[in-house]
Amino acid sequence: MSLRLFNTLSRAVEPFEPLEPGRVRMYTCGPTVYNRAHIGNFRAYIFEDLLRRHLKWTGYRLTHVMNLTDVDDKTIRASMAEGIPLKQFTRRYIDAFFNDIDLLGIERAEHYPAATDHIPDMIDMIRVLLDKGIAYRSDDGSIYFSIQKFPAYGCLAHLDRAGLRPGARVAQDEFEKEDAADFALWKAWSEKDGDVAWDSPWGRGRPGWHIECSAMSVKLLGPSFDIHCGGVDNIFPHHECEIAQSESVTGRPFVKYWLHCAHLIVDGKKMSKSLGNFLTLDDLLKEGFGGREIRYQLLATHYRQTLNFTRDGLHAARAALLRVDEFTERLRARAAETADALPDWAETGRAAFRAGLDNDLNISESLAALFDMLRAGNKALDDDAVSPGAARAVLQLLDEWDGVLGVLKPAASETDAEVRALVDARQAARAAKNWAESDRLREEIARRGWIVQDTPQGPKVRKA
RNA sequence: GGCGCGGUAGCCAAGUGGUAAGGCGGAGGUCUGCAAAACCUCUAUUCGUGGGUUCGAUCCCCACCCGCGCCUCCA
């Protein structure tokens with residue numbers, strides 16, 4: 001069975017067939033770089049990372065673009081509040097973003113275009129829309145997209161034009177629009193923008209948010225591409241607007257598969273600053289959790305399901321990963337240099353793992369396959385029924401899986417000389433059956449953050 | 001008002017018209033100087049509630065209850 005994905009356009013799971021055989025072009029909405037990203041953002045990026053890795057594992061050549069929104073109301077407001085140039089302000093959060101995704105084991109996309117580097121492309125697109133009579137200029141010099149001119153508007157969100165009820169968030173002063181539902185392609189400069197402005201045929205101003213993604217995706221991936229991802233909140237209006245703009249300009253179908261990631265909640269409640277459960281990666285690292293545990297928890301729930309992020313969940317992730325690590329170590333201790341055939345119990349797991357991910361990235365099925373294999377493998381090791389060549393083959397399989405999950409390999413942890421000396425001293429005490437001294441030394445080692453385990457092969461040390 | 005999602009063991013979380021994956025936690029056991037880890041066994045007669053369809057429903061249909069999302073720039 002090959003890959004099937006849920007397409008928001010059809011609201012159904014469809015077989016995945018790229019526009020060009022063997023090649024996938026994918027665009028994912030990236031961060032707005034005005035503050036530190038929160039774990040909800042990372043949930044989306046980790047889902048996209050899983051998709052990306054699985055596509056590569058399947059054998060596709062992949063071009064993945066993730067944009068950086070480095071100009072919008074929030075970036076402008078925040079940089080002006082600090083009194084520093086926009087570019088300098090956003091640089092700080094772009095750096096933080098890359099630092100964070102590294103900590104979470106998120107692979108780099110092929111391109112990270114920044115909106116401010118593509119203003120001319122946006123202007124070109126807007127010009128075409130004006131020429132076609134789809135966009136219009138208002139009195140203040142802003143340009144709007146007329147949704148009346150794009151009958152399919154609403155196809156992604158499955159919203160009727162008639163069903164669009166003006167929400168509280170429609171600014172009251174936007175009287176210059178012909179229709180309240182029209183959206184801005186270009187915003188004329190206003191005092192609030194400070195020195196953030198670009199010249200255009202319609203005067204100074206800046207692009208609207210939606211056109212940024214249309215311009216950069218079409219430029220880097222072409223008029224039609226395979227996959228576009230984002231959080232569910234982007235379905236409307238952002239992605240709806242992208243479709244309207246892009247298809248109006250190119251006359252071609254914009255995106256074949258739209259994939260959207262559900263939100264997460266923290267301790268059963270919506271994440272919000274007022275509830276004090278608004279979490280950034282830094283917050284969790286300060287609490288002593290590692291990027292690997294955080295990645296595991298964010299990864300382990302199916303992407304279309306609301307995820308409940310909890311400290312308990314992080315502890316559960318830590319325990320589960322420890323089991324994986326122990327299993328890997330047991331195999332390593334047994335493995336030969338070269339691999340033989342995979343044992344039956346691993347062959348079963350191999351198929352099940354793959355089937356899970358192919359089924360719209362059903363990670364739960366795949367993790368179940370992993371743990372089923374782990375149990376069977378441990379049993380076989382206990383029974384001394386694993387040949388060195390088989391052990392190597394299973395290690396290779398785990399390596400292959402980790403290419404997709406990005407979470408199975410432990411972070412390298414090197415003991416220092418001091419801890420090693422304590423471990424040696426403890427071994428000496430144990431050999432002398434001096435249990436009191438042995439236990440005291442174990443305490444000593446624990447205080448330095450390490451756990452000693454006595455095994456038939458001698459003591460093993462791991463980070464607490 | 002419109003569109004849509006979800007309610008499965010203490011917690012997290014899959015799943016299917018044929019009688020409940022997996023993880024964490026918990027209990028007992030094997031092993032161990034003691035631990036730890038690992039392994040074995042156990043831990044939902046039951047899938048929000050009430051009807052219906054069916055030989056059979058957690059899974060399909062209807063109603064209801066509860067929680068949640070979107071309806072113009074929040075992943």
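Atom set for the values below is all heavy atoms of this structure, side chains included, hydrogens, waters and symmetry mates excluded. Just so we're on the same page: letters track the sequence lines, and every chain starts at 1.
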Worksheet item: How far, in whole Å, is B:U46 from B:G10 if one measures between their P atoms?
Response: 12 Å
Worksheet item: Using atom C1' of each nucleotide, how far apart are B:G6 and B:A14 to the nearest Å?
Response: 15 Å
Worksheet item: Considering only B:U72, B:C3, B:C24, which nucleotide approaches the side chain of A:His158 most closely?
Response: B:C3
Item to complete: Measure distances between side-chain N and O atoms of A:Lys187 and base N and O atoms of B:C73, and say whether any donor-acceptor pair falls under 3.5 Å.
Response: yes
Discussion item. Distance check, rounded to the nearest 0.5 Å: A:Thr455 atom OG1 versus A:Glu326 atom CD?
Written reply: 9.5 Å
Worksheet item: If you look at every strand shown and take non-hydrogen atoms under 4.0 Å, does A:Lys379 touch a base, only sugar-phosphate, or nothing?
Response: sugar-phosphate
Worksheet item: Out of A:Arg462, A:Arg292, A:Arg330, A:Lys409, which one pairs with A:Asp325 under the salt bridge (charged side-chain N to carboxylate O under 4.0 Å, His left out) rule?
Response: A:Arg292
Worksheet item: Under 5.5 Å between ring centres and under 30° between planes: true for A:Trp435 and the base of B:G33?
Response: yes
Worksheet entry | Per-nucleotide protein contact string for nucleotides 10-15 of chain B (B base, S sugar-phosphate only, - none; heavy atom under 4.0 Å) | --SSSS
Discussion item. Looking at B:G23, I'd like to know if its phosphate oxygens (OP1 or OP2) sit under 4.0 Å from a side-chain N or O belonging to A:Arg318.
Written reply: no
Practice prompt. Using the six-membered ring wherever Trp is involved, compare the ring planes of A:Tyr153 and A:Phe183 and label them parallel, tilted or perpendicular (cut-offs 30° and 60°).
Written response: parallel
Worksheet item: Which is true for A:Leu381 with a 4.0 Å heavy-atom rule: it touches a base, it touches only sugar-phosphate, or it touches nothing?
Response: nothing
Worksheet item: Taking atom CG of A:Leu357 and atom CG of A:Leu405, what is their separation to the nearest 0.5 Å?
Response: 6.5 Å
Worksheet item: How far does the P atom of B:C60 sit from the matching atom of B:G1, given to the nearest Å?
Response: 26 Å
Practice prompt. Kindly state whether the ring of A:Phe327 and the ring of A:Phe371 have centres lying under 6.0 angstrom apart.
Written response: no
Practice prompt. May I ask you to evaluate whether A:Lys74 reaches the phosphate of B:C74, defined as a side-chain N or O under 4.0 Å from OP1 or OP2?
Written response: yes
Practice prompt. Kindly say whether the aromatic ring centers of A:His260 and A:Phe6 come within a distance under 6.0 Å.
Written response: no
Worksheet item: Base, sugar-phosphate, or nothing for A:Ala316, non-hydrogen atoms under 4.0 angstrom?
Response: sugar-phosphate
Worksheet item: Which part of the nucleic acid, if any, lies within contact of A:Glu326, taking any heavy atom under 4.0 Å across all strands shown: a base, the sugar-phosphate backbone alone, or nothing?
Response: sugar-phosphate
Worksheet item: Looking only at atom C1', what distance separates B:G2 and B:A20, rounded to whole Å?
Response: 37 Å
Item to complete: Between B:A35 and B:A21, how far apart are the C1' atoms? Round to whole Å, please.
Response: 33 Å
Discussion item. When you measure only distances, ignoring hydrogens and angles, does the side chain of A:Asp454 come within 3.5 Å of the base of B:C34 through a donor and an acceptor?
Written reply: yes
Discussion item. At 4.0 Å (heavy atoms only), tell me whether A:Arg36 reaches a base, stays on the sugar-phosphate, or touches nothing.
Written reply: nothing
Worksheet item: Between A:His228 and A:Trp258, what is the ring plane arrangement, given parallel below 30°, perpendicular above 60°, and tilted in between?
Response: parallel
Item to complete: Name the nucleic acid region contacted by A:Lys460, choosing base, sugar-phosphate or nothing; use a 4.0 angstrom heavy-atom cut-off, strictly under.
Response: nothing
Item to complete: Identify the nucleotide, in any strand shown, that forms a Watson-Crick or G-U wobble pair with B:C70, with both distances under 3.5 Å; if there is none, say none.
Response: B:G2
Worksheet item: Under 4.0 angstrom, heavy atoms only, what part of the nucleic acid is A:His238 near: base, sugar-phosphate, or nothing?
Response: nothing
Fill in: A:Lys379 NZ: over 12 foreign heavy atoms closer than 6.0 Å
no
Item to complete: Can you establish whether the number of heavy atoms outside A:Asp344 located under 6.0 Å from its atom CG is more than 12?
Response: no
Item to complete: Can you tell me, in whole Å, how much space there is between the P of B:A75 and that of B:C70?
Response: 12 Å
Worksheet entry | side-chain N/O A:Asn378 vs B:C39 OP1/OP2, d < 4.0 Å | yes
Worksheet item: Of the candidate nucleotides B:A75, B:G23, B:G25, which contains the atom at the shortest distance from the side chain of A:Ala319?
Response: B:G25
Discussion item. When the C1' atoms of B:C47 and B:G7 are compared, how many Å lie between them, rounded to an integer?
Written reply: 10 Å
Item to complete: Just compare B:C73, B:A21, B:A75 and give me whichever is closest to any side-chain atom of A:Asn41.
Response: B:A75
Worksheet item: Is the phosphate of B:G23, meaning OP1 or OP2, less than 4.0 Å from a side-chain N or O of A:Arg323?
Response: yes
Item to complete: Check whether the side chain of A:Arg442 and the base of B:A35 form a donor-acceptor pair under 3.5 Å.
Response: yes
Worksheet item: What is the nucleic acid contact for A:Gly313, judged by heavy atoms within less than 4.0 Å: base, sugar-phosphate only, or nothing?
Response: nothing
